Asks: 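Here it is: the structure, laid out below.
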Amino acid sequence: MDEDGARTGGGRSGERRGPAPRQEAIAEHVLSAGSATAAELADRFGVSLMTIHRDLDELERQGVVRKYRGGVTAQPSGVFESNVAFRRKSMLAEKEAVARRALELIEPGMAVMLDDSTSVLAVARRLAGITPLTVVTNFLEGLNLLAGTPGIRLMALGGDYDPLHDSFLGVSCVEAIESLTVDLCLVSTSAVSGGFAHHQEQHIVSVKRAMLASAARNVLLLDHSKLGRVALHRLAPLSAFERVIVDAGASEEALRDLDEHKVDYEVVAP
């Protein structure tokens, strides 16, 4: 075994590898699978359990994964938001269904604000056919996607770049939002229950709240996995949204909760 903990003759990896490329490969595997045990990862990458735990400690420090006893997960919890790389791959059909309905709310000539969620990114991918349009966003992937699109005036919300969300956040981002007024704001969040939208991270909450305050109309886009969940921070009451759009995978219990809180919502088929 070498000084990095890699087995020089056994394991699937076989060859000597430094920690950085191995950690990148571990992250890719966990983001794809959703979760894994430490023993499974040690066998897969041909290193000791001690080395795997060091790797997972580093990936957790970076905000890529969350450790639990005996393993690691990319799934969100009440205090942990999934890395954007994981969210890009999850609930794709559901997000597309919701995006198609949300697109019907956008008309040429509007100013539309988009948050840094992958649900709203699915809308951004379809905007080229609705022009002229002004689009405001803090999501770097959304900015790259729409940059140079004919008929779209693109406004970037600056701030501190956050690699976990691939977006710009912080006080300067909030101040930039507060200087604008848009026709429509499309946002998503990680948890909805009890008549409220919730999120795990305070600095995300402050940006989304500013977005909601800047718009004449607000719409919440959700895949059904977000319903019936709670997170550390209350983002906003669902009454702050003109409507909530969710895919048809929503359970009767989750929809009953929306009904009980008199939420205006639409359920869309894939």
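Computed over heavy atoms, backbone and side chain alike; hydrogens, waters and symmetry mates excluded. Keep in mind that what you see is a predicted model, and the values were worked out from it rather than measured.
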Asks: Does the side chain of T131 reach to within under 4.5 Å of the side chain of P108, using non-hydrogen atoms?
Replies: no
Asks: Between T134 and V112, is any pair of side-chain heavy atoms under 4.5 Å apart?
Replies: no
Asks: What side chain to side chain donor-acceptor pair (under 3.5 Å) pairs are there with at least one residue in residues 171-187, not counting sequence neighbours?
Replies: none
Asks: Would you say the side chains of E40 and H29 form a donor-acceptor pair under 3.5 Å?
Replies: yes
Asks: Would you call F241 and L220 a side-chain contact if the rule is heavy atoms closer than 4.5 Å?
Replies: yes
Asks: Test: side chain to side chain donor-acceptor pair (under 3.5 Å). Region: residues 100-109. Which pairs qualify, not counting sequence neighbours?
Replies: R101-E104, R101-E266
Asks: Strictly below 4.0 Å, N to O, side chains only: are K262 and D259 in salt-bridge contact?
Replies: no
Asks: Examine the side chains of E242 and N218 and answer whether a donor and an acceptor come within less than 3.5 Å of each other.
Replies: no
Asks: To the nearest 0.5 angstrom, please state how far the SG atom of C173 sits from the CG atom of D160.
Replies: 9.0 Å
Asks: Are the side chain of S193 and the backbone N or O of R229 linked by a donor-acceptor pair below 3.5 Å?
Replies: yes
Asks: Decide, yes or no, whether a salt bridge links D115 with K208 under the criterion of side-chain N to carboxylate O below 4.0 Å.
Replies: yes
Asks: Can you see whether D162 engages H203 through a side-chain donor-acceptor pair at a distance of less than 3.5 angstrom?
Replies: yes
Asks: State whether the number of non-hydrogen atoms from other residues, nucleotides or ligands found under 6.0 Å of R153 atom CZ is greater than 12.
Replies: no
